[in-house]
K.L.:
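Quick one: this structure, given as structure tokens, is what I'll be asking you about.
Values in this document were obtained by computation on a predicted structure and should not be read as measured data. Counting from 1, the numbers follow the sequence of the chain as shown. Whatever order the structure lists ligands and atoms in, that order sets their numbers, starting from 1.
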Amino acid sequence: MPSITRRDFLKVSALTIGAVAVSTGLTGCKLTDDRAVSFTHGVASGDPLQDAVIIWTRAVPATDPATPVTVRWEVATDAEFTNLTHDGEIKTSSDHDFTVKVDVRRLTPGQTYYYRFTAGNETSAAGRTRTLPEGDVSQVKLAVMSCSNYPAGLFHVYREAAGIDDLNAVVHLGDYIYEYDGNGYATQDAEALGRTLPPENDVEIIDLVDYRRRYALYRTDTHLQTLHAAAPFIAVWDDHEITNDTWREGAENHNEGEGDFTTRKLNALQAYFEWMPIRPVIEGNEEMIYRTFRFGDLVSLHMLDTRVIGRDKQLDLNSYFTGSGFNTAAFEADLTDPNRTLLGAEQRAWLQNSLAQSNATWDVLGQQVLMGRMNLPYELLLNLGSDSVAGLFAELATLKARYLQGDSTLTDQEIARVTTTLPYNLDAWDGYFYERETILETARAQDRNLVVLAGDTHNAWASNLTTLDGTAVGVELATPSVTSPGLESYLQLNEAQTPDAEQALTILVDGLDYTNLSQRGFLVVTFRPEAVEADWRYVSTVKSETYSVDMARSARRRTLPGASNRTLQPLT
Ligand SMILES: [Fe+2]
């Protein structure tokens with residue numbers, strides 16, 4: 001990683017910031033690049049603070065690529081740029097893939113701003129952004145999304161989110177890109193959709209140039225450009241920004257033939273920092289992204305990295321199946337090992353401290369993987385993907401309902417069928433049992449109103465979060481994917497069977513209140529002092545240009561603050 005040039009870039013950026021604390025107005029405009037320059041990938045903003053926001057673009061010169069490009073930037077309080085409040089110049093070059101990032105400072109809290117860039121005779125599209133509010137805040141609205149796989153479908157979800165005018169921010173929980181080649185995961189419809197990978201990028205991405213080209217491809221999407229121009233992003237990576245099932249020192253989709261994992265990881269993270277409107281927590285450090293955003297006294301949004309910085313290697317459920325059956329003792333010993341970590345000791349201490357220090361009404365964890373205990377009947381897990389699964393869902397749910405009602409006619413064997421359970425996904429918090437319980441206990445000890453946001457699974461979920469003794473500590477709201485296929489792709493359920501299976505799952509999985517097993521969409525979460533409302537919105541298809549928002553399947557839940565109210569309630 002060229003860390004020296006990165007530092008130089010930051011120095012230029014910092015100097016620029018220092019020079020533009022006060023607006024000079026348009027008359028001070030001095031364009032220093034007379035080459036033709038193209039703004040090839042729209043504009044973006046992100047990581048808003050009360051007094052700052054990152055603005056982003058990419059400025060590519062038509063000639064002489066070895067010479068840096070000078071880009072002028074402007075920030076105004078109106079879309080016509082008549083009330084210009086901040087401006088300045090910054091240089092970019094091929095060292096940064098011609099991406100431009102400015103950390104605009106000395107802004108006003110809770111203010112909508114417009115921004116644009118000029119280079120040569122070219123002016124970029126304008127973007128709209130918003131600083132964080134301070135003090136007494138009556139509402140914060142976030143659009144939450146994840147898992148946007150370009151070859152898998154059209155980004156209608158981004159278009160729908162861009163149409164919401166009063167968003168404070170878009171929270172992207174990762175899998176913003178996918179690393180596979182043109183024959184990889186979820187690419188079977190790419191040709192029909194006109195979303196194949198260009199020949200120069202039809203590879204599993206490993207080198208810096210490959211990661212950069214992949215971001216460049218995704219950012220050609222007009223719906224994604226529209227959303228970036230409409231609202232600031234607050235983003236974290238998940239695994240596919242690096243490679244599938246990444247952990248601290250490796251990944252499922254990385255082998256020795258692909259070179260050193262750390263080199264690949266640093267390539268991926270450099271491209272992420274170049275292309276995403278994210279502010280480094282520590283200047284020059286592209287591995288640390290956990291950070292807090294404070295929306296006045298209403299919401300503290302703690303963005304986590306459950307993927308790269310601290311995660312121990314995932315357990316493999318298959319390795320516990322022996323000739324004589326499942327080795328429960330060995331599995332439980334490994335699963336509950338107090339040394340297993342998803343966050344790493346430093347991030348865990350930071351999060352616990354953040355919860356202890358918080359005085360916000362709502363403490364929100366913006367993070368990748370499901371935190372709720374997703375324990376499925378063992379028998380169901382063994383039969384997922386079989387033809388009989390729809391019937392099995394119904395049969396087991398009936399037994400579980402009788403069990404929950406205290407039906408004394410149930411046999412021991414019937415009870416065992418619904419109480420012998422296993423977590424279905426050890427890549428999630430379920431595989432890091434001790435640390436999950438530690439965080440939930442911290443939330444209880446600090447009397448926080450906890451709202452956990454999650455992505456990763458490609459399906460929608462809502463769960464009540466409790467400590468092991470059953471004390472309610474908060475709720476989990478999980479977004480479906482933008483395009484990546486979900487459980488429907490291997491559950492073997494038809495459209496008519498899906499709602500029944502969803503209902504059955506909420507009975508079979510303790511704590512699970514809601515799921516959608518088949519649709520793409522996103523989540524809108526509205527925080528107010530008196531309640532949080534979650535609103536799942538689904539698109540009818542990502543496989544054709546024509547689509548609609550599926551109002552019939554949209555769903556809403558709410559939760560209230562206070563120790564006795566930390567559960568999900570229906571909301572119509
Ligand atoms: Fe994903």
K.L.:
Looking only at heavy atoms, which two atoms of Trp362 and Thr559 are closest? And how far apart?
P.N.:
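Taking every non-hydrogen atom into account, CH2-O, 3.8 Å.
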K.L.:
Answer yes or no for Asp238: is there an N/O/S atom below the 2.8 Å cut-off from the Fe ion (ligand 1)?
P.N.:
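So Asp238 does not bind the Fe ion (ligand 1) by this criterion.
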K.L.:
Could you check whether Arg264 makes a cation-pi contact with Tyr211, meaning its NZ or CZ is under 6.0 Å from the centre of the six-membered ring and within 45° of the ring axis?
P.N.:
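No cation-pi geometry.
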K.L.:
Please check if any side-chain donor atom of Arg311 sits under 3.5 Å from a side-chain acceptor atom of Tyr432, or the reverse.
P.N.:
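Yes, because at least one side-chain N or O of Arg311 sits under 3.5 Å from a partner of the opposite role on Tyr432.
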K.L.:
Hey, what's the angle at the Fe ion (ligand 1) spanning OH (Tyr178) and NE2 (His458), nearest 10 degrees?
P.N.:
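It rounds to 90°.
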K.L.:
If I take the Fe ion (ligand 1) as the centre, what angle separates the SG atom of Cys147 from the OD2 atom of Asp175? Nearest 10 degrees is fine.
P.N.:
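Value, to the nearest 10 degrees: 100°.
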K.L.:
Within a reach of under 6.0 Å around CZ of Phe321, are more than 12 heavy atoms found that belong to other residues, nucleotides or ligands?
P.N.:
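More than 12 heavy atoms, drawn from other residues, nucleotides or ligands, come within 6.0 Å of this atom.
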